[in-house]
Amino acid sequence: MDTPNDDAILASIRTYREALQQTRDLFISSGRQIVDHDAWMLDGGETDFVSQMDDLHSGFIMKVFAVGASSQAANLIEQRQLGRVLLTHLWGKPIMGAQLREAVDWLLDEAENFEWHDLIQPFIVLPPLRNRWGEVMALAIRMANIVAKADGLIGTADAARLRQLQADLDQAAAQTEAHFAGDSRTEREVVRKVGEDSQRLRKNPEPPLRQAAPTPTASAQAGPTTAEPAAEPEPQLSPEERLQKSLAKLNELIGLENIKEQVSTLTNFLKMEARRVAEGLPTTEPSLHMSFVGNPGTGKTTVARIIADIFGALGVLDKGQLAETDRSGLVAEYAGQTGPKTNAKIDEALDGVLFIDEAYTLIDASGQDQYGREAIQTLLKRMEDQRDRLVVILAGYPNEMNTMIRSNPGLSSRVGTTMEFIDYTPGELSRIFGLMCGKAKYELPSETRRRVLHGLTFLYATRDRHFGNGRTARNAFERTVRRLANRLAGIQEITRELLVTIAPEDIEIPDLSDEQLDALGKLPMNVEVQCDHCQAKQPIADTCLATEVICTACSKTFEPGWGEPVAEAAEEPQPERPPTS
């Protein structure tokens, strides 16, 4: 059987190097997310957490390499070359000659000491990072595929290892989630565990290359020394810069136009009030506590985080962090414990926002839930006593939340704003799917986009109030990446194009079979798209997605990525495609 040529090996090296750097960027940016917006989790360890996440990334990529490599990796020149890339990424200095085999052997041995649940905990448990788990999984699968196929040979053992990687990651994620379920100390416990794992990673035994390259122990103690220089800490933003950055994040969100308008109006009002204070003019003191109503997966937590940051930038709150919780984080199992537990969670949120998901579960219709009532009474008192230091956002289903607010005079008098998060449309869901693919460097041909859009359109049309919205798009992405990995497991020579291109047969939509997706794909569909140049909207056939079309308004060419399905075919002729050269 033929081995890959030099061009194929070089292409694998380039793609692998890209994936390693993407993984490092993901872990470091996730660490910064916690430091910048959720520092209450850190217990004073703000300066270390980003570097600790960098250490975690080192163990993660070593573990993935060990899974992708065969047991004979040290004797396979192609996999040794990828091992060299990995070691250079870790140590900042290439390993040459005979020492490379020893170094790869050391790498494989050390990876056996790492456990998946230790390496992925932050992305499973910490609320701000949960939506990045799909990216972590996608990068692991991509890197393992590159390593497993480096020699151009694929056997049943290689395919089995790649499938086992998915199963092991799934199992580790499920066990981690179950372990921390209902623990009110979850976030701080996980952050502490990241610190412990970081120290353990830095204390790995030295490889037998003492003169060839610095060991991970030495490099970690001296600071990051990877081939790519460590990213500099972000400069401290002025209040106005912080405000503009937060508003930009809001405007970048897909859909939610009514929410964006409400937040913008609230921001303008608070800025005006601040100016009136500066001029010695009388001001009002509106209640900033809010109710977010909407079905699951509609972006409530994301918007709450942005609002917290806006309040911090405006000086309404000193810090502007977000503390997330639900009933399990406020209500204890035994009498007399709920008040202290609720107060402890509120303390975490002081000078920021306390976001309570499914808040309606704190009040039952019978009025017999004494623990829930105690949590509400404790919350109401703190909302009043520390109204200058605390903003509370209550979130949940529309009907249940409206009933909850109306049934409690204390809440109805304090919750001044209600924001309604409507379900995402099929076009918006498809764009969310596409955004996740883009972050993970996947490309979507036209026919693949059609399959996604048809499937999500059907789910939207048949949805009930438990429809997952953005979570449905995220689940579709994660399942699709797994299916792509399984398809690639049977292909001998893996090119960059194969690794980054999602084919129609890779698409998996929750609750829809392949046969259903095939049938939906045979139906004609027109979609409304917006010209990149003049912003005019026009209908096109869905077969034109991700191809160049000519705008009927300005006559310029543009490439529509996604569109919103329209009920009927447009009577106007389809816009012509530009002539091919």
Side-chain angles (χ1 to χ4, degrees), residues 134 138 141-142 145 254 424-461 472-491 494-532 538-551 557-570 573-581:
I141 291 174
R142 179 178 296 174
N145 257 296
I254 293 173
Y424 288 111
T425 64
E428 291 168 347
L429 291 169
S430 299
R431 287 169 60 197
I432 292 171
F433 179 91
L435 185 64
M436 287 184 284
C437 289
K439 286 182 177 179
K441 307 297 183 184
Y442 285 107
E443 298 173 2
L444 300 168
S446 179
E447 197 59 32
T448 302
R449 292 172 185 262
R450 286 190 70 247
R451 194 170 179 88
V452 172
L453 183 57
H454 279 265
L456 293 177
T457 298
F458 180 83
L459 291 185
Y460 178 83
T472 296
R474 184 163 63 247
N475 288 339
F477 167 73
E478 293 176 3
R479 295 185 184 192
T480 293
V481 170
R482 296 162 189 264
R483 180 173 285 196
L484 169 63
N486 290 335
R487 178 169 64 83
L488 295 182
I491 300 176
I494 297 298
T495 64
R496 185 183 191 281
E497 183 180 4
L498 285 172
L499 280 169
V500 302
T501 303
I502 295 179
E505 61 266 29
D506 298 324
I507 297 299
E508 182 174 341
I509 304 293
D511 302 321
L512 287 178
S513 66
D514 289 345
E515 291 73 20
Q516 289 173 304
L517 283 174
D518 290 340
L520 291 169
K522 294 177 182 177
L523 301 175
M525 178 187 287
N526 285 279
V527 295
E528 185 178 67
V529 299
Q530 188 174 43
C531 174
D532 295 336
Q538 64 186 67
I540 64 171
D542 63 351
T543 53
C544 295
L545 291 175
T547 67
E548 284 192 341
V549 298
I550 297 177
C551 176
T557 61
F558 68 104
E559 188 173 297
W562 301 99
E564 203 66 65
V566 293
E568 297 178 1
Q574 290 292 330
E576 60 179 308
R577 300 192 188 193
T580 57
S581 56

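Below, each value reflects all heavy atoms present in this structure, side chains not excepted, and no hydrogens, waters or symmetry copies.
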Checklist entry - Any ion pair linking Glu428 and Arg431 (charged N to carboxylate O, less than 4.0 Å)? => result no
Next on the checklist: Going by the rule salt bridge (charged side-chain N to carboxylate O under 4.0 Å, His left out), which residues pair with Asp518 if we only count those two or more places apart in sequence or in a different chain?
Outcome noted: Arg451
Checklist entry - To the nearest 0.5 Å, what is the distance between CZ (Arg449) and OG (Ser430)? => result 9.5 Å
Item to check | Sequence-distant partners of Glu505, salt bridge (charged side-chain N to carboxylate O under 4.0 Å, His left out), two or more places apart | outcome: none
Checklist entry - For Leu453 and Pro426, which heavy atoms make the closest approach, and how far apart are they? => result CD1-O, 3.9 Å
Checklist entry - Taking all non-hydrogen atoms of both residues, which atom of Pro510 and which atom of Arg479 are closest, and how far apart? => result CA-NH1, 3.4 Å
Checklist entry - Is there a side-chain contact between Tyr424 and Thr472, using heavy atoms and a 4.5 Å cut-off? => result no
Checklist entry - If you take all heavy atoms of Cys544 and Pro560, which pair is closest and at what distance? => result O-CG, 4.0 Å
Checklist outcome for this item: Here the pair of heavy atoms bringing Thr425 nearest to Glu564 is OG1-OE1, 2.7 Å
Checklist outcome for this item: Closest heavy-atom pair, Glu559 versus Asp532, reported as atoms and distance to 0.1 Å, is N-OD2, 4.2 Å
Item to check | Interatomic distance, Phe477 atom CZ to Glu508 atom CD [nearest 0.5 angstrom] | outcome: 13.5 Å
Checklist entry - Are the side chain of Thr448 and the backbone N or O of Ile502 linked by a donor-acceptor pair below 3.5 Å? => result yes
Next on the checklist: With heavy-atom distances below 4.5 Å as the criterion, would you say the side chains of Asp514 and Arg483 are in contact?
Outcome noted: yes
Checklist outcome for this item: Rounded to the nearest 0.5 Å, the CG atom of Leu459 sits from the CG atom of Leu512 at a distance of 4.5 Å
Item to check | Min side-chain heavy-atom separation Ile507-Phe433 under 4.5 Å | outcome: yes
Next on the checklist: With rounding to the nearest 0.5 angstrom, report the CD1 to CH2 distance, Ile254 to Trp562.
Outcome noted: 10.0 Å
Checklist outcome for this item: Between Leu520 and Gly455, the two heavy atoms sitting closest are CD1-CA, 4.3 Å
Checklist entry - Rounded to the nearest 0.5 Å, how far apart are OG1 of Thr501 and CZ of Arg496? => result 8.5 Å
Checklist entry - Does Asp506 use its side chain to pair, donor to acceptor, with the backbone of Ala503 at less than 3.5 Å? => result yes
Next on the checklist: Given 3.5 Å as the limit, does a donor-acceptor pair link the side chain of Ser446 with the main chain of Thr543, or not?
Outcome noted: yes
Pairs of donor and acceptor atoms involving the side chains of residues 436-445, under 3.5 Å and at least two apart or interchain, shall be tabulated with distances.
none

Checklist outcome for this item: To the nearest 0.5 Å, atom CD1 of Ile540 lies from atom CG of Leu545 at 5.0 Å
Checklist entry - Taking the side chain from Thr557 and the backbone from Val549, do they hold a donor-acceptor pair closer than 3.5 Å? => result no
